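Taking it in order: structure first as structure tokens, then the write-up.
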2 protein chains.
Amino acid sequence: MGKKSPLSEAALELVARRFAVLAEPMRLRLLQALFDGEKNVGELVEAVDGTQANVSRHLQTLTAAHVLGRRKEGLQVFYRIIDPTIFKLCELVCGSLEKGLSRQAEALAVE
Amino acid sequence: MGKKSPLSEAALELVARRFAVLAEPMRLRLLQALFDGEKNVGELVEAVDGTQANVSRHLQTLTAAHVLGRRKEGLQVFYRIIDPTIFKLCELVCGSLEKGLSRQAEALAVE
DNA sequence: ACTTTATATGAGCATATACGCATATACTTG
DNA sequence: CAAGTATATGCGTATATGCTCATATAAAGT
């Protein structure tokens, strides 16, 4: 597949949707909590300090987007990251933000 | 800087904000139009087939997020991508989506 | 100074979505 | 089958944001 052809409108909406899934602090906290492996909902609720209902909803969103995988074991449901690009995406953005912050730091130092 | 420490709430909001900036089809179209170099607003309006007002707003959003840079030349304003991570971010997401699509294609073929 | 051209912005409307509360569903155990 | 536990979901509300129309600003030419 080529790299230069412009994406169709439908493809752009998929890309946008993907970024939107990552555009919520609570969902990022969930992903962060899952960085070191699978957890069940109860553990996640505690890890991110949210309500059960809200955490559950965000987990649905991430699962529907194929970012997370779901595994049921008795009463509990375990979630895990199944999209390996998530790690790199977060690294890239964090790196970019660090540069931005050091830029700001410089500006403050100068003035 | 370490790679494993959990991000603060403030940092997570910055990361989320960054993803949110990329979570709109129109802004992605603008970025796509700028992939091969700087363009002025008029050219962008035509390239993405939007209204001047709307394009201008999205350009402000992207500029405020330090994704785009601005250069004024007479009556015209030229925008360009100044954040090099944008390219990699889009590549990663597109790659991930392609996998998703081929997964869907397989599923269709099987059933 | 007036007009024209390029870009930005204020106001209002429509839509999306995050959150909380309550309740439903699914599974286990007695 | 009743009760308890873990997770999901319907509903209402508040907030954010994208879009359009109209208008404002800024720079250039006459």
Side-chain angles (χ1 to χ4, degrees), chain A residues 9-10 12-34 38-82, chain B residues 9-10 12-34 38-82:
Chain A
E9 184 59 23
L12 285 178
E13 276 175 30
L14 285 179
V15 174
R17 177 80 201 121
R18 184 129 199 109
F19 281 125
V21 164
L22 301 175
E24 291 295 331
M26 177 59 93
R27 285 198 284 272
L28 292 176
R29 276 196 271 174
L30 287 168
L31 289 174
Q32 205 171 221
L34 289 169
E38 169 178 89
K39 284 193 177 61
N40 66 37
V41 180
E43 292 170 324
L44 287 169
V45 166
E46 193 174 359
V48 305
D49 190 37
T51 67
Q52 182 268 322
N54 198 30
V55 165
S56 179
R57 265 183 216 295
H58 284 301
L59 291 171
Q60 305 313 306
T61 301
L62 288 163
T63 305
H66 300 284
V67 172
L68 297 186
R70 232 181 92 105
R71 182 177 66 85
K72 218 169 174 178
E73 185 178 313
L75 271 183
Q76 295 160 345
V77 178
F78 288 83
Y79 288 89
R80 68 190 181 284
I81 296 177
I82 60 172
Chain B
E9 184 59 25
L12 285 179
E13 275 175 32
L14 285 179
V15 174
R17 178 80 201 122
R18 184 127 197 111
F19 281 126
V21 164
L22 300 175
E24 291 296 331
M26 178 59 93
R27 284 198 285 271
L28 292 176
R29 276 196 271 174
L30 287 168
L31 288 174
Q32 203 171 223
L34 289 169
E38 168 178 90
K39 284 193 177 58
N40 66 37
V41 179
E43 291 169 325
L44 287 169
V45 166
E46 193 173 359
V48 305
D49 190 37
T51 67
Q52 182 268 323
N54 199 29
V55 165
S56 180
R57 268 183 214 295
H58 284 301
L59 291 171
Q60 306 314 307
T61 300
L62 288 163
T63 305
H66 300 285
V67 172
L68 298 186
R70 232 181 91 103
R71 183 176 66 85
K72 218 168 174 181
E73 184 178 315
L75 273 182
Q76 296 159 344
V77 178
F78 288 83
Y79 288 89
R80 68 190 181 283
I81 296 177
I82 59 170

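Here is how names work: the chains are called A, B, and so on, in the same order as the sequence lines, proteins then strands, and each is numbered from 1. Because the structure is a prediction, the values reported are computed rather than measured.
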Within residues 51-59 of chain A, the residues having a heavy atom closer than 4.0 Å to DNA chain C are A/T51, A/A53, A/N54, A/R57, A/H58
With a 4.0 Å cut-off (strictly under) to non-hydrogen atoms of chain B, the first and last hit nts on DNA chain D, 5' to 3', are D/dT17 to D/dA28
Within a reach of under 6.0 Å around CD of B/E46, are more than 12 heavy atoms found that belong to other residues, nucleotides or ligands? no
| message | Just so I know, are the side chains of A/V67 and A/L31 near enough to count as touching, which here means a heavy-atom distance under 4.5 Å? | response | yes
Bounded by its outermost nucleotides with an atom under 4.0 Å from a heavy atom of chain A, the footprint on DNA chain C reads C/dT17 to C/dT28
Q.
Taking the side chain as everything from C-beta on, heavy atoms only, tell me whether A/M26 gets closer than 4.5 Å to A/V48.
A. yes
Exercise for the section: Using a 4.5 Å cut-off on heavy atoms from C-beta on, say whether the side chain of B/L62 contacts that of B/R27. Expected result: yes
Do A/I81 and A/E38 have side chains that approach each other closer than 4.5 Å (heavy atoms only, starting at C-beta)? no
(Q) Please classify the nucleic acid contact of B/Y79 as base, sugar-phosphate, or nothing, using heavy-atom distances under 4.0 Å. (A) sugar-phosphate
- Task: Measure from the side-chain N and O atoms of A/K39 to the backbone N and O of A/Y79, and report whether any donor-acceptor pair falls under 3.5 Å.
- Result: no
- request: Report yes if the side chains of B/L34 and B/L44 come closer than 4.5 Å at any heavy-atom pair, otherwise no.
  value: yes
ask   = Between A/R18 (side chain) and A/A65 (backbone), is there a donor-acceptor pair under 3.5 Å?
value = yes
Q: Using a heavy-atom cut-off of under 4.0 Å over every strand shown, decide if B/R17 touches base, sugar-phosphate, or nothing.
A: sugar-phosphate
Notebook entry, point to check: Is any side-chain heavy atom of B/L59 less than 4.5 Å from a side-chain heavy atom of B/V41?
Noted result: yes
Q.
Any non-hydrogen side-chain atom of B/R71 less than 4.5 Å from a side-chain atom of B/E73?
A. yes
